[in-house]
*Asks:* 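This is the structure, below, for whatever I ask next.
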Amino acid sequence: DVQLQASGGGLVQAGGSRRLSCSVSGFTFDGNTIGWFRQAPGKEREGIACISFSNDNTFYGDSVKGRFTISSDNAKNTVYLQMNSLKPEDTAVYYCAAETGTRWLGCPREYYYWGQGTQVTVSS
């Protein structure tokens with residue numbers, strides 16, 4: 001009964017900011033990993049960030065490093081993706097996912113649990 005719900009998408013002008021939320025239920029953060037992905041029409045799904053518990057390691061894809069920040073509010077069972085300096089090429093459906101295990105060197109190769117996506121559109 002694990003559920004992940006991504007929310008917070010919308011229309012943003014280039015250079016603007018947006019914060020996405022991933023609400024998680026039925027899944028313990030401690031000892032596990034939450035990741036963010038995106039997929040644009042005609043492109044492959046791209047892993048953009050993950051946060052791994054209990055060590056609180058964070059990792060980012062090269063395309064978003066320095067612009068996006070992943071964080072968590074464990075009391076609310078929520079993971080956030082703060083997106084700054086948005087570009088039209090960031091336009092995509094954004095998904096969050098969960099995988100068991102704590103990682104020290106990078107994001108998991110595969111995720112078992114997935115949520116519904118939220119659309120982010122960046123206009124020029």
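The chain is numbered in sequence order, starting from 1.
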*Asks:* Under 4.5 Å between any side-chain heavy atoms of Ile34 and Phe53, yes or no?
*Replies:* yes

*Asks:* Do the ring centers of Phe37 and Trp114 come within less than 6.0 Å of each other?
*Replies:* yes

*Asks:* Rounded to the nearest 0.5 Å, what's the gap from CZ on Phe29 to CG on Asn74? Could you check?
*Replies:* 6.0 Å

*Asks:* Taking the side chain from Thr33 and the backbone from Ser52, do they hold a donor-acceptor pair closer than 3.5 Å?
*Replies:* no

*Asks:* Closest heavy-atom contact between Cys22 and Leu4?
*Replies:* SG-CD2, 3.8 Å

*Asks:* Between Tyr60 (side chain) and Ile70 (backbone), is there a donor-acceptor pair under 3.5 Å?
*Replies:* yes

*Asks:* For Gln116, does the CD atom sit with more than 12 other heavy atoms under 6.0 Å from it, leaving out its own atoms?
*Replies:* no

*Asks:* How close do Thr118 and Gly8 get, heavy atom to heavy atom, and via which atoms?
*Replies:* OG1-N, 4.0 Å

*Asks:* Are Tyr95 and Val24 grouped together when hydrophobic residues (ILVMFWY) are joined by side-chain heavy atoms under 4.5 angstrom apart?
*Replies:* no

*Asks:* Ignoring hydrogens and angles, tell me if any N or O in the side chain of Thr100 forms a donor-acceptor pair with the backbone of Asn32 under 3.5 Å.
*Replies:* no

*Asks:* Mark yes when over 12 heavy atoms from residues, nucleotides or ligands other than Gln3 sit less than 6.0 Å from its CD; otherwise mark no.
*Replies:* no

*Asks:* Take Ile48 and Tyr94, measure what side-chain contact (heavy atoms from CB on, under 4.5 Å) needs, and give me the verdict at the end.
*Replies:* CA-CA 10 Å; Ile48 56 177; Tyr94 285 72; 3.5 Å; yes

*Asks:* Quick one: salt bridge (charged side-chain N to carboxylate O under 4.0 Å, His left out) pairs with a partner in residues 94-122, sequence neighbours left out?
*Replies:* none

*Asks:* Tell me, which pairs form a salt bridge (charged side-chain N to carboxylate O under 4.0 Å, His left out) where one or both residues lie in residues 44-59, sequence neighbours left out?
*Replies:* Arg38-Glu46

*Asks:* Between CD1 of Ile51 and OG of Ser71, what distance do you get to the nearest 0.5 Å?
*Replies:* 7.0 Å

*Asks:* Flag yes if Leu11 and Val120 sit in one hydrophobic cluster, no otherwise; membership is Ile, Leu, Val, Met, Phe, Trp, Tyr, and two members link when side-chain heavy atoms are under 4.5 Å apart.
*Replies:* no

*Asks:* Just how far is it from atom CD of Gln5 to atom OG of Ser21, taken to the nearest 0.5 Å?
*Replies:* 11.0 Å

*Asks:* Would you indicate whether the side-chain heavy atoms of Cys50 and Tyr111 approach each other to under 4.5 Å?
*Replies:* yes

*Asks:* State the CZ-SG distance between Phe59 and Cys107, to the nearest 0.5 angstrom.
*Replies:* 6.5 Å

*Asks:* Please tabulate, for the side chains in residues 77-89, all donor-acceptor contacts under 3.5 angstrom to protein atoms that are two or more places apart in sequence or on a different chain.
*Replies:*
residue: Thr78; atom: OG1; partner: Lys76; partner atom: O; Å: 2.9
residue: Gln82; atom: NE2; partner: Asn84; partner atom: OD1; Å: 3.0
residue: Asn84; atom: OD1; partner: Ser17; partner atom: OG; Å: 2.9

*Asks:* Nearest 0.5 Å, please: how far is CG in Asp1 from OH in Tyr113?
*Replies:* 8.5 Å

*Asks:* If we ignore hydrogens and angles and just use 3.5 Å, is the side chain of Arg18 paired with the main-chain N or O of Val12 as donor and acceptor?
*Replies:* no

